[in-house]
Q: 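First the structure, then my questions, so here it is.
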Amino acid sequence: MILPLHTDLRRAIASALGTLYGLAPDAMPPIVIEYPPNRRMGDLAVTVAFDLARTLRKAPRLIAAEIAAAATGPAGLGRLEATGTGYLNLFLDRPRFARARIGGDPPAAAAGDAAKTIVEHTAINPNKAAHIGHLRNAALGDTLCRLLRFRGADVEVQNYIDDTGVQVADVVVGLRELEKKDVDDVRRLAEEPRFDDYCWNLYARVTRWYEEDDARLSHRRDALHDLERDADSTAAMARVVTDSIVRCHLRTMARLGIEYDLLSWEGDILRLAFWDRAFEILKASGAVRLQADGRLAGCWVMPIDEPGEAEAPSDADGGDPDADARLKVIVRSNGTVTYVGKDIAYQLWKFGLLGRDFHYRRFDAQPSGRPLWTTSSAAAPDGGGPTAPFGRAAAVYNIIDTRQSYLQRLLVQALVALDHPAEAERSVHFSYEMVALSRNTAAALGHAASADDGKPFVEVSGRKGLGVKADDLLDQVTERAQQEVAARHPDLPAVEQRRTAEIIAAAAVRYFMIKFSRGKVIAFDIDEALSFEGETGPYLQYATVRARKILQKLRDRHGLETADILEGLAAAPDAPLAGPAGDELWGLVLEAARLDEIADQAVRTLELSVLAKYAFALAQRFNGFYHSSPVVAEPDEAVRRWRAAGVAWFEAQMTRALALMGCEAPDRM
RNA sequence: GCGCGUGUAGCUCAGUCGGAUAGAGCGACCGCCUCCUAAGCGGUAGGCCCCUGGUUCGAAUCCAGGCACGCGCGCCA
C-alpha cells in the first residue's frame with residue numbers, strides 16, 4: 001500500500017526544507033502529493049515549490065531544483081526530479097516498490113483509530129417493504145462500516161426501528177378498518193414471505209382512505225396514542241407487524257451482504273423512559289427552559305444557533321418578534337416530548353452519557369454467523385446479555401438523508417449545550433441526497449408524469465406506494481444476470497447459475513448506489529440499473545474473474561502456484577518493469593497500491609464514490625493491460641513472471657476493494 | 001424570507017488540499033474474437049466547466065454578487 005510511502009516522501013521533503021531554508025516544522029507549508037497525468041512525467045508529484053515561491057522570493061523551478069538536489073534518494077524511494085516549471089516529480093524504484101508490496105498483507109490498523117465507533121444506518125419504518133431509497137442508505141452505511149473497519153476502527157452497527165410512529169399506526173388502522181383483521185388474522189398474514197409487499201399496498205390504500213374523509217384521521221390519532229401507551233390490542237397487532245417486517249428488511253439487506261450488530265427499538269426507548277432521564281439532564285444543565293409566556297407558553301424549548309448569526313442577542317425575552325423562530329420546542333405545552341427530544345436521549349445513550357441502558361437479547365441468526373442483538377425492555381429470562389456492552393462510543397455516524405440535516409444539527413447543538421464538546425465534534429451526520437425516479441421509470445410504474453410537470457425527476461413516496469421496491473429491483477437484476485450466465489455457461493448446474501447471478505446482481509445494485517457522490521439526487525432509471533456494461537459492479541467483477549482465470553491457467557499450464565510467483569520475484573531480473581516497455585505493468589502495480597490512500601480519503605471526506613471510481617479505474621487499467629500484455633503465452637520467463645505477479649497483485653487489491661463495497665467476484669461470469 | 005445542496009459533452013456523472021493537455025460511462029459512428037472469457041478492447045465525433053467580477057505564478061476548483069433547479073425550516077411525526 002502507498003500511504004507509508006507518502007509519509008516517507010513528506011518527511012524527506014520537510015527535512016530538506018529545514019536544511020535548505022531553515023523552516024521550522026510549524027512554518028512548513030502542507031506538502032501536497034499528487035499523481036502526474038502520465039507515468040513518463042513521474043509516479044508522484046509534489047507542488048510545494050509553488051507554495052514557497054512567494055515567501056522565499058524565488059522562482060518555483062529554482063526551489064524545486066534545490067529540493068531535488070538536497071533530498072536525493074529519500075529513504076531509497078527513487079529519483080526526485082525537478083521540472084522546468086517547478087514540480088518535484090518522484091520516479092519510484094519500480095522493482096523495489098513492487099517487490100515490497102506484491103503479496104504483502106493488508107495494512108495494519110493505524111494506531112489510535114481503534115476507538116469504538118457507532119454507525120447507525122437503514123432505519124426503515126417497519127410498516128412496508130424497503131425501497132431503493134433505503135437501499136442507498138444501507139449501501140452507504142454498510143460501506144462506511146467496512147471502510148472504518150479496514151482502517152482499524154471497532155465498529156458497532158445499529159439499525160433503529162421506529163415501531164411506535166405514525167407509519168406503523170397507519171398500517172394497523174388499515175388492517176383493522178379496511179381489512180377487518182384481528183390480531184390472529186394478522187399473525188397468520190405476517191407468516192407470508194412477502195408480508196412487506198402486502199403492507200406496502202395497504203399503506204397506500206390507507207393514505208387514500210384518509211384523503212377521502214378527514215374525520216378518519218381520528219383512527220390514526222387513537223392508534224398512535226395506543227402505540228405510545230403500549231396499550232393492548234393495537235400494540236399487540238403493531239408488534240406482530242413490526243417484527244415481521246423487520247425480518248423482511250433484514251432478509252432484503254442480507255441479499256446485499258448487509259448485516260447489523262444491534263436493532264434499537266423506539267418502543268424500548270419509551271418503555272425504559274430514556275426521555276425522562278434525558279429531560280432531567282437537559283433541565284439541570286439549562287439546555288432547555290420553560291417558556292412563561294408568548295406563543296410558546298408552557299413549552300420547554302432549546303435555543304437554536306442559526307449558522308448565519310455570529311452571536312445571539314443577550315436574551316430573547318426582550319420582545320424580539322423573531323426570538324421564537326430561534327427556539328425549538330422539545331416538550332409541548334401538553335407535556336409530550338417531540339421527535340428531537342427522543343433523538344437527543346438516544347444520542348446521549350450512544351455516547352454513554354445517559355446513565356441508562358437497554359436490556360438485550362439475541363435476535364435472528366445472520367448469514368455470516370455474525371450475532372444480531374436486539375434491545376429489550378426487560379431482562380432476558382436466562383440473563384444472557386451480550387459479552388461486550390453496546391453504546392458508549394467515542395464517535396457516532398448517523399446515516400440519514402439530507403432532509404434530516406436540520407434535526408441532526410439540533411442533536412449536535414444539544415450535546416454542546418450539555419457541555420459535551422468532544423462528543424458533539426464526533427457526532428457526525430453522514431448526509432446524502434434522496435433517490436428519486438427518472439421520468440421514464442416513474443411512467444413505466446404507471447405514474448402520470450403530467451402531475452408534476454417541470455420536475456426533472458419524480459420523488460419516491462412510500463405513502464403513495466410510488467417507488468421501486470428493493471426486492472423487486474434485486475429480483476429483476478438477478479433475473480437479467482441469470483439470463484447472461486445461462487447464455488455463457490449453459491453447462492453450469494442451475495443452482496450455480498443462480499448463485500452466480502445473485503452475486504452479480506448484488507454488486508450491480510451496490511455499485512450503483514455508491515458511485516454517485518452523496519450530494520447528488522439519484523434519478524433512478526431502471527434500464528441504467530439493469531446494465532452490466534461500462535461503469536458497473538459487474539465490470540469490476542469481470543476484470544477480477546479474468547485475473548483469476550490467468551492465475552488458474554498458470555497453475556494448469558506452467559505448474560506455477562501464486563505463492564511461487566511471489567517468491568520467485570526476489571530473484572527475477574528487473575528488466576520487465578523498466579522503461580516504456582514496462583510502463584503498462586508498472587502503471588497497474590502502482591495504481592493497485594493506492595487502495596489504502598483511497599480508503600483514507602473516502603472516510604475523511606465521507607465521499608464513498610471515490611472508492612467506487614477508484615475500483616472502476618483500476619479495473620479499466622487491468623483490462624487495458626489484459627489486452628496488451630499476454631501472460632500465460634508470454635515466452636520470456638522473466639516477463640511472464642512479472643506480469644503474473646502484477647495480475648496476482650491486482651487480483652488481491654481488487655478483491656479487497658470489492659469487499660469494502662460489500663461485493664465479491666463469482667468463480668466465473 | 002433564511003439555511004443546506006446541485007449546476008462540467010446529447011444523457012448520467014467524475015474531477016483529490018488550487019497545478020501539467022478538463023476525464024469516464026451511456027448513446028452515435030468506425031473497427032477488433034485462430035490469441036489468458038467480446039459483461040471486453042481500440043478509434044472518431046461531441047465542452048461559454050451557469051453568469052459577472054475578484055484573489056493567485058496558476059481557477060472547473062477559492063472569495064463576492066447574481067441566475068436556475070432541488071431539499072429543508074411546525075407544539076406534525
Side-chain angles (χ1 to χ4, degrees), chain A residues 30-38 41 45 47 50-51 53-54 59-60 83 85-87 89 125 162 164-167 169 224 291 295-296 298-301 304 306-308 325 328-334 336 338-339 342 401-407 409 431-434 436 438 454-457 459 481 484-485 488-489 504 515-523 525 527-528 531-536 538-539 541-543 545-547 549-554 557 597-598 601 604-605 607 609-610 612-613 616-617 620 623-624 626-634 643 647 668-669:
Chain A
I31 297 170
V32 176
I33 295 176
E34 53 191 49
Y35 295 85
N38 69 63
M41 291 170 152
T47 56
F50 296 109
D51 302 325
R54 172 165 282 247
T83 70
T85 48
Y87 284 95
N89 288 335
N125 271 301
D162 181 4
T164 58
V166 208
Q167 298 212 14
L224 194 55
Q291 285 298 95
R295 190 168 56 87
L296 301 178
C299 296
W300 287 86
V301 299
I304 305 164
E306 295 298 339
K328 179 66 192 174
V329 172
I330 305 296
V331 179
R332 302 179 191 108
S333 52
N334 68 5
T336 58
T338 60
Y339 203 78
K342 283 184 268 187
D401 79 59
T402 182
R403 288 173 290 195
Q404 300 288 323
S405 293
Y406 178 64
L407 289 175
R409 201 161 57 79
S431 76
Y432 64 93
E433 263 292 358
M434 61 178 169
S438 76
K455 289 203 182 185
F457 48 77
E459 194 169 346
E484 292 289 333
V485 175
R488 286 153 207 260
H489 306 283
I504 293 168
K515 75 178 201 179
F516 302 95
S517 44
R518 63 195 167 96
K520 223 105 180 184
V521 175
I522 298 182
D525 191 87
D527 294 330
E528 213 181 312
S531 166
F532 302 147
E533 287 166 20
E535 199 201 332
T536 64
Y539 179 95
Q541 294 174 309
Y542 189 64
V545 168
R546 281 178 147 181
K549 189 59 169 279
I550 293 173
L551 298 174
Q552 179 64 44
K553 285 258 157 91
L554 286 168
R557 290 200 201 155
E597 177 196 344
I598 297 299
Q601 186 192 341
R604 211 175 51 240
T605 60
E607 192 50 87
S609 61
V610 303
K613 299 289 176 184
F616 176 61
Q620 270 184 316
N623 275 330
Y626 181 91
H627 281 274
S628 74
S629 313
V631 181
V632 178
E634 170 58 42
R643 285 183 182 168
V647 172
R668 59 186 71 73
M669 283 182 77

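Residue numbers start from 1 in every chain, and the chains themselves are labelled A, B, ... in the order their sequence lines are given, proteins ahead of strands. Note that the coordinates shown come from a computational prediction; the quantities given were computed from them, not determined experimentally.
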Q: Check whether A:Asn89 reaches the backbone of A:Met41 with its side chain - one donor and one acceptor, N or O, closer than 3.5 Å.
A: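 Yes.
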Q: For B:C33 and B:G23, measure between their P atoms and round to the nearest Å.
A: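 Comparing P positions in B:C33 and B:G23 gives a spacing of 30 Å.
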Q: Which residue lies toward the 5' end of RNA chain B, A:Ile31 or A:Met434, if each is placed at its nearest nucleotide?
A: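 Per heavy-atom nearest nucleotide, the more 5' residue is A:Ile31.
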Q: Given the C1' atoms of B:A28 and B:G46, what is the spacing between them in whole Å?
A: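 It works out to 10 Å between them.
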Q: Rounding to the closest angstrom, what is the interatomic distance between B:A60 and B:G53 at atom P?
A: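 One P to the other, the span is 15 Å.
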Q: Roughly, in whole Å, what's the span from CD1 in A:Ile522 to P in B:G70?
A: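 In whole Å, B:G70 P and A:Ile522 CD1 are 19 Å from each other.
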Q: Measure the distance from CG on A:Asn38 to P on B:G23 and round it to the nearest whole Å.
A: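 Nearest whole value for this atom pair: 11 Å.
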Q: What integer number of Å spans the P atoms of B:C62 and B:C17?
A: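 Straight-line distance between the two P atoms is 10 Å.
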Q: Ring pair (Phe, Tyr, Trp, His ring centres under 6.0 Å) with A:Tyr87: which residues, sequence neighbours excluded?
A: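 With neighbours one apart ignored, the set is A:Phe50.
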Q: For A:Glu634, check salt bridge (Lys or Arg N to Asp or Glu O under 4.0 Å) against everything at least two apart and list the hits.
A: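 Salt bridge (Lys or Arg N to Asp or Glu O under 4.0 Å) list for A:Glu634, sorted by chain: A:Arg643.
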Q: Is a side-chain donor or acceptor of A:Ser531 paired with a backbone partner of A:Glu528 at a separation under 3.5 angstrom?
A: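 Checked: no pair found.
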Q: Base, sugar-phosphate, or nothing: which does A:Pro30 touch, judged by heavy atoms less than 4.0 Å apart?
A: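 A:Pro30: no heavy atom of the nucleic acid under 4.0 Å.
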Q: Please check if the side chain of A:Ser438 supplies one atom and the backbone of A:Ala523 the other of a donor-acceptor pair under 3.5 Å.
A: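 Checking the backbone N and O of A:Ala523 against the side chain of A:Ser438, no donor-acceptor pair under 3.5 Å is found.
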Q: Quick one: label A:Glu528 by what it contacts on the DNA or RNA (base, sugar-phosphate, nothing), any heavy atom closer than 4.0 Å.
A: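 If one applies the 4.0 Å heavy-atom cut-off, A:Glu528 turns out to touch the sugar-phosphate alone, with no base involved.
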Q: For A:Phe516, which residues count as a ring pair (Phe, Tyr, Trp, His ring centres under 6.0 Å) partner, sequence neighbours excluded?
A: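 Counting only residues at least two positions away or on another chain, A:Phe516 forms a ring pair (Phe, Tyr, Trp, His ring centres under 6.0 Å) with A:Phe512.
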Q: Select base, sugar-phosphate, or nothing to describe what A:Val521 touches, counting heavy atoms under 4.0 Å on all strands.
A: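 If one applies the 4.0 Å heavy-atom cut-off, A:Val521 turns out to touch the sugar-phosphate alone, with no base involved.
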Q: Checking understanding here: a glycosidic angle within 90° of 0 is syn, the rest anti, so what is B:C33?
A: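 This nucleotide is in syn.
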Q: Using whole Å, report how far CZ of A:Arg409 lies from C1' of B:C4.
A: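 Spelled out: CZ on A:Arg409 to C1' on B:C4 is 9 Å.
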Q: How many Å lie between CG on A:Asp525 and P on B:C26, as a whole number?
A: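 Whole-Å distance recorded here is 15 Å.
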Q: Give A:Ala45 one of three labels, base, sugar-phosphate or nothing, depending on what nucleic acid heavy atoms sit under 4.0 Å from its own.
A: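 Base, at least one base heavy atom under 4.0 Å.
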Q: Under 4.0 Å, heavy atoms only, any strand: does A:Asn334 hit a base, just the sugar-phosphate, or nothing?
A: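 No contact at all - A:Asn334 keeps every heavy atom at 4.0 Å or more from the nucleic acid.
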Q: Starting at CG of A:Asp401 and ending at P of B:C4, how long is that distance when rounded to a whole Å?
A: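 Checked: the CG to P distance equals 18 Å.
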Q: If the condition is salt bridge (Lys or Arg N to Asp or Glu O under 4.0 Å), which residues does A:Lys549 pass it with, not counting sequence neighbours?
A: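 None.
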Q: What I want to check is whether an N or O donor and acceptor connect the side chain of A:Asn89 with the base of B:A20 at under 3.5 Å.
A: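 A donor-acceptor contact between them is present.
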Q: Using a cutoff of under 3.5 Å, can you pull out all pairs of nitrogen or oxygen atoms linking the protein to nucleotides 54-61 of chain B, with atom names and distances?
A:
{"residue": "B:C57", "atom": "OP1", "partner": "A:Arg54", "partner atom": "NH2", "Å": "3.0"}

Q: Where is the tightest heavy-atom contact between A:Leu224 and A:Val166, given as atom of each residue plus distance?
A: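 Smallest interatomic distance, heavy atoms only, reads CD1-N, 3.6 Å.
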Q: I'd like to compare against my own output: the B/S/- annotation of nucleotides 28-44 of chain B with a strict under-4.0 Å heavy-atom distance to protein.
A: --------BBSBBS---
Q: Categorize A:Ser333 for me: base, sugar-phosphate, or nothing, with a 4.0 angstrom heavy-atom threshold over every strand shown.
A: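 Base contact.
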Q: In whole Å, measure the gap between the C1' atoms of B:G42 and B:C49 for me.
A: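 28 Å, rounded to whole Å.
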Q: Please identify each residue that fulfils side chain to side chain contact (heavy atoms under 4.5 Å, CB included) with A:Arg488, with sequence neighbours left out.
A: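 Scan of A:Arg488 (side chain to side chain contact (heavy atoms under 4.5 Å, CB included), adjacent residues dropped) gives A:Glu484.
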Q: Side chain of A:Lys520, heavy atoms from C-beta onward: which of B:G7, B:C17, B:G70 has the nearest atom to it?
A: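 Out of B:G7, B:C17, B:G70, the nucleotide with an atom closest to A:Lys520's side chain is B:G7.
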Q: Distance between the C1' atoms of B:U56 and B:A64, in whole angstroms?
A: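 Result for the C1' pair: 16 Å, nearest Å.
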Q: May I have the distance from A:Phe616 (atom CZ) to B:G25 (atom C1'), rounded to whole angstrom?
A: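 That distance rounds to 6 Å.
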Q: If the condition is salt bridge (Lys or Arg N to Asp or Glu O under 4.0 Å), which residues does A:Glu433 pass it with, not counting sequence neighbours?
A: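 Salt bridge (Lys or Arg N to Asp or Glu O under 4.0 Å) check on A:Glu433 returns nothing, list empty.
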Q: For B:C17, is chi within 90° of 0 (syn) or not (anti)?
A: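 With its glycosidic angle within 90° of zero, B:C17 counts as syn.
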Q: Could you state the NZ-P distance from A:Lys328 to B:C76, rounded to the nearest angstrom?
A: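 Whole-Å distance recorded here is 7 Å.
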Q: Can you tell me how far P in B:G7 sits from the matching atom in B:A45, rounded to whole Å?
A: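 The answer is 27 Å between these two P atoms.
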Q: Mind checking if A:Asp527 touches a base, just sugar-phosphate, or nothing, with heavy atoms under 4.0 Å?
A: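 No contact at all - A:Asp527 keeps every heavy atom at 4.0 Å or more from the nucleic acid.
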Q: Rounded to whole Å, please give me the gap between NZ in A:Lys342 and C1' in B:A77.
A: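 That distance rounds to 8 Å.
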Q: Closest nucleotide of RNA chain B for A:Gly519 versus for A:Val610: which of these residues is on the 5' side?
A: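 The residue whose closest nucleotide sits nearer the 5' end is A:Gly519.
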Q: Which residues pass the side chain to side chain contact (heavy atoms under 4.5 Å, CB included) test with A:Asn334, sequence neighbours left out?
A: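 For A:Asn334 the side chain to side chain contact (heavy atoms under 4.5 Å, CB included) partners, ignoring immediate neighbours, are A:Arg332, A:Thr336.
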Q: Students often get this wrong, so: under 4.0 angstrom with heavy atoms, is A:Thr47 touching a base, only sugar-phosphate, or nothing?
A: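 If one applies the 4.0 Å heavy-atom cut-off, A:Thr47 turns out to touch a base.
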Q: Using the P atom as the reference point in each nucleotide, state the distance between B:G74 and B:G40 in Å, no decimals.
A: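 Here B:G74 and B:G40 have their P atoms 48 Å from each other.
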